Amino acid sequence: MEHEGADLNELMMVRRQKLDELRQDNVEPYGGKYQRTHYSSQIINEFESLEGQQVSLAGRLMAKRGHGKAGFANLQDVEGNIQLYVRQDQLGEGRYNLFTKADIGDIVGVKGKVFRTQKGEISINITDFIMLAKSLRPLPEKWHGLKDIELRYRQRYVDLIVNPDVKKVFIARSKIIRTIRNLLDNKGFLEVETPMMHPIAGGASARPFITYHNTLDMNLYLRIAPELYLKRLLVGGMEKVYEINRNFRNEGISTKHNPEFTMLELYQAYADYNDMMEITEQLVSQAAFQLLGTMEVEYQEEKINLAPPWRRLPMLEAIKEYAKIDFTLIQNDEDARQAAAQAGLKVDPKASRGNIINEVFEELVEPHLIQPTFITDYPVEISPLAKRSLEDSRYTYRFELFIYAREMANAFSELNDPIDQKERFKNQVEKRASGDDEAHMMDEDYIRALEYGMPPAGGLGIGIDRLVMLLTDSPSIRDVLLFPHMKPRD
RNA sequence: GAGCCAUUAGCUCAGUCGGUAGAGCACCUGACUUUUAAUCAGGGUGUCGCUGGUUCGAGUCCAGCAUGGCUCACCA
């Protein structure tokens, strides 16, 4: 068989030669179904009862130590790693030869007896050895592994082979999401799926990705949030719904932002934002407890106590506490701008009091919110889908949860007044017209749905990736995404 | 989008003052029947990210570009 040599280094050429030799010897290097009886961890955990028994395993060869007419190797399967002991006088010359020619990285099937070596290591004394997939590329070094961060993300398959801790993060991710699903299912929530391609990008303030449908001859937006669809389901009589799925936002990439990320959104009819705080506390603290067996977690050297209840702090009180500005004494836009400027912030001369309050909060308060804190009562200007406070119509029944100074959840009592909602959309459309491409678009059908009557409801969104970061002590969102977005190379 | 830093063998990394490109692992040949970063003897892998410039001479100095990391901006 011919192999293109131009872009192959010596190591890859050697492996292709071995591949040819296998075929010449009538050994198929890419096998089929393999019947295994045990996993590596099972043999180690149940050694007492398995000692002396015949077992069959499959996995990747990760190390080889030859000793002439015998040798050792390590086999890695999904559960872990186990040592193989191989002897020519047991395997026969042919199969022993197959073993000595096998490379680190090859996927093999083995049969043999469970035993313990003189040095005490539980091992398999091999009586049969077959090739299941010849590996044509050398793996990274056994001692240092794959460290190059770029390569780890671009070639996650290699990262997963050689860095066992990586897999643990994704097992944790799965467990966290499973805990959330179980909790919500047990509370009677229905998991639903709503469109990922939207004719109108709604439900959040964000720049969308635009795509094109050929036969409909129209632009579509990848969704920035499922919110408006889920609330249409409340109108339709689904009283408790949730969706865990991807959102897409055409914005910057950072250690906390990936263009596609996973959100939990849930809506509960006849509830309000106080109920959402309780659910948030349950979901996050239980996710931690089920994963780690404790609600006290350590994130980047910071001890964080997730045991409920968490502090609830109205935004104005938070600003008074951390920024020493009392916005209850500041009633107009001009005074608000002055106060912010005095505090050293750059101020948009057109910013309203509500925008300024949010600005001051983000700049001067957020960095202090390390322990879980619900910040409540957001200004209506920045909350176009939230119900107005009955006590003061300039604010809304909304909260955001902060942990480690990061926004982890956003929730509110849902605005179900179609006339107010239409006004809010109109204000957003004006902002759009004056250049704010993150302002919401008008969604007439959503207004129509509200006009039929939407029950009062609480709604909640939790950023799953950020929750997984917190609970796995991962510094970057890329560490909790199997395939984080990367620019193509060349 | 901006600033700083990085890019050398398959992997992990050295490379001094600008003067013939280095190590360990992996790999190849040989020895070795309980090793485990196996050991011992021998072998040497390369578009020094890319493109230009300065220079007798550039991995090294300069400029631009690419990719990545961190910080900031935007955001969740």
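The structure displayed is predicted, hence computed values, not measured ones.
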Taking atom types as they are modelled, is there a donor-acceptor pair under 3.5 Å from the base of [N] to the side chain of [X]?
| X | N | value |
| --- | --- | --- |
| A:D89 | B:U33 | yes |
| A:E141 | B:G24 | yes |
| A:Q83 | B:U35 | yes |

Using the [atom1] atom on both, measure [N] against [M] and round to a whole Å.
| N | M | atom1 | value |
| --- | --- | --- | --- |
| B:U39 | B:C25 | P | 8 Å |
| B:C65 | B:G3 | P | 10 Å |
| B:A38 | B:A31 | C1' | 14 Å |
| B:G46 | B:G10 | C1' | 12 Å |
| B:G18 | B:G57 | C1' | 8 Å |
| B:U12 | B:C56 | P | 39 Å |
| B:C62 | B:A6 | P | 11 Å |
| B:G24 | B:C40 | P | 12 Å |

How is [X] classified with respect to the nucleic acid when contacts are heavy atoms under 4.0 Å: base, sugar-phosphate, or nothing?
| X | answer |
| --- | --- |
| A:E438 | sugar-phosphate |
| A:F115 | base |
| A:L139 | nothing |
| A:N125 | nothing |
| A:M486 | sugar-phosphate |
| A:G463 | nothing |

Residue met sooner reading RNA chain B from 5', once A:H485 and A:R249 are mapped to nucleotides:
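Taking each residue's closest nucleotide, the earlier one in sequence belongs to A:H485.
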Residue mapping more 5' on RNA chain B - nearest nucleotide basis, A:N74 or A:L146
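That would be A:L146.
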Length of the [atom1]-[atom2] vector between [X] and [N], whole Å:
| X | N | atom1 | atom2 | value |
| --- | --- | --- | --- | --- |
| A:I382 | B:A76 | CD1 | C1' | 14 Å |
| A:D479 | B:G69 | CG | C1' | 12 Å |
| A:F361 | B:A76 | CZ | P | 13 Å |
| A:Q300 | B:U71 | CD | P | 10 Å |
| A:E251 | B:C74 | CD | P | 11 Å |
| A:K134 | B:C27 | NZ | C1' | 12 Å |
| A:E121 | B:U34 | CD | C1' | 11 Å |
| A:D148 | B:A6 | CG | P | 15 Å |

Identify the nucleotide, in any strand shown, that forms a Watson-Crick or G-U wobble pair with [N], with both distances under 3.5 Å; if there is none, say none.
| N | result |
| --- | --- |
| B:A37 | none |
| B:U12 | B:A23 |
| B:U71 | B:A2 |
| B:A76 | none |
| B:G52 | B:C62 |

Parallel, tilted or perpendicular, as decided by the 30° and 60° cut-offs, for the rings of [Y] and [X]:
| X | Y | result |
| --- | --- | --- |
| A:F99 | A:F129 | perpendicular |
| A:Y299 | A:Y404 | perpendicular |
| A:Y85 | A:F115 | tilted |

Minimum-distance nucleotide to [X] side chain [options: [options]]:
| X | options | answer |
| --- | --- | --- |
| A:L11 | B:C27, B:C70, B:U34 | B:C27 |
| A:A70 | B:G69, B:U36, B:U33 | B:U33 |
| A:P140 | B:U67, B:C11, B:U12 | B:C11 |
| A:D103 | B:A76, B:U35, B:C28 | B:C28 |

Go through the steps for A:S383 and A:R398 under the test side-chain hydrogen bond (donor to acceptor under 3.5 Å, both in side chains), then give the verdict.
CA-CA 8 Å; A:S383 313; A:R398 173 183 178 190; 2.8 Å; yes
Under 6.0 Å from the six-membered ring centre of A:F399 and within 45° of its axis: does the NZ or CZ of A:R312 meet both?
no
Taking the six-membered ring of A:Y229 as reference, does the cationic atom of A:R232 (NZ for Lys, CZ for Arg) lie under 6.0 Å from its centre and within 45° of its axis?
yes
Compare side-chain N and O positions of [X] against OP1 and OP2 of [N] and report whether any pair is under 4.0 Å apart.
| X | N | answer |
| --- | --- | --- |
| A:K142 | B:C27 | no |
| A:R478 | B:C70 | yes |
| A:K487 | B:U67 | yes |
| A:R207 | B:C74 | no |
| A:K18 | B:C28 | yes |
| A:K119 | B:U35 | yes |

Does a side chain donor of either A:Y273 or A:D377 reach within less than 3.5 Å of an acceptor in the other side chain?
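Looking only at side-chain atoms, A:D377 and A:Y273 do form a donor-acceptor pair, the distance falling under 3.5 Å.
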Will you find, in the side chains of A:Q300 and A:D473, an N or O donor that is under 3.5 Å from an N or O acceptor?
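A:Q300 vs A:D473: donor-acceptor pair found between side chains.
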Under the criteria of a ring-centre distance below 5.5 Å and an interplanar angle below 30°, is A:F261 stacked with the base of B:A76?
yes
Pairing of A:K18 and A:D103 as salt bridge, 4.0 angstrom limit:
yes
Nucleic acid contacts - residues 59-69 of chain A versus RNA chain B, non-hydrogen atoms under 4.0 Å
A:R65, A:G66, A:H67, A:G68, A:K69
From A:L283 atom CG to A:L460 atom CG, the distance as rounded to the nearest 0.5 Å
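It is 7.0 Å, given to the nearest 0.5 Å.
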Please check: side-chain N/O of A:S413 versus main-chain N/O of A:G458, any donor-acceptor pairing under 3.5 Å?
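Absent.
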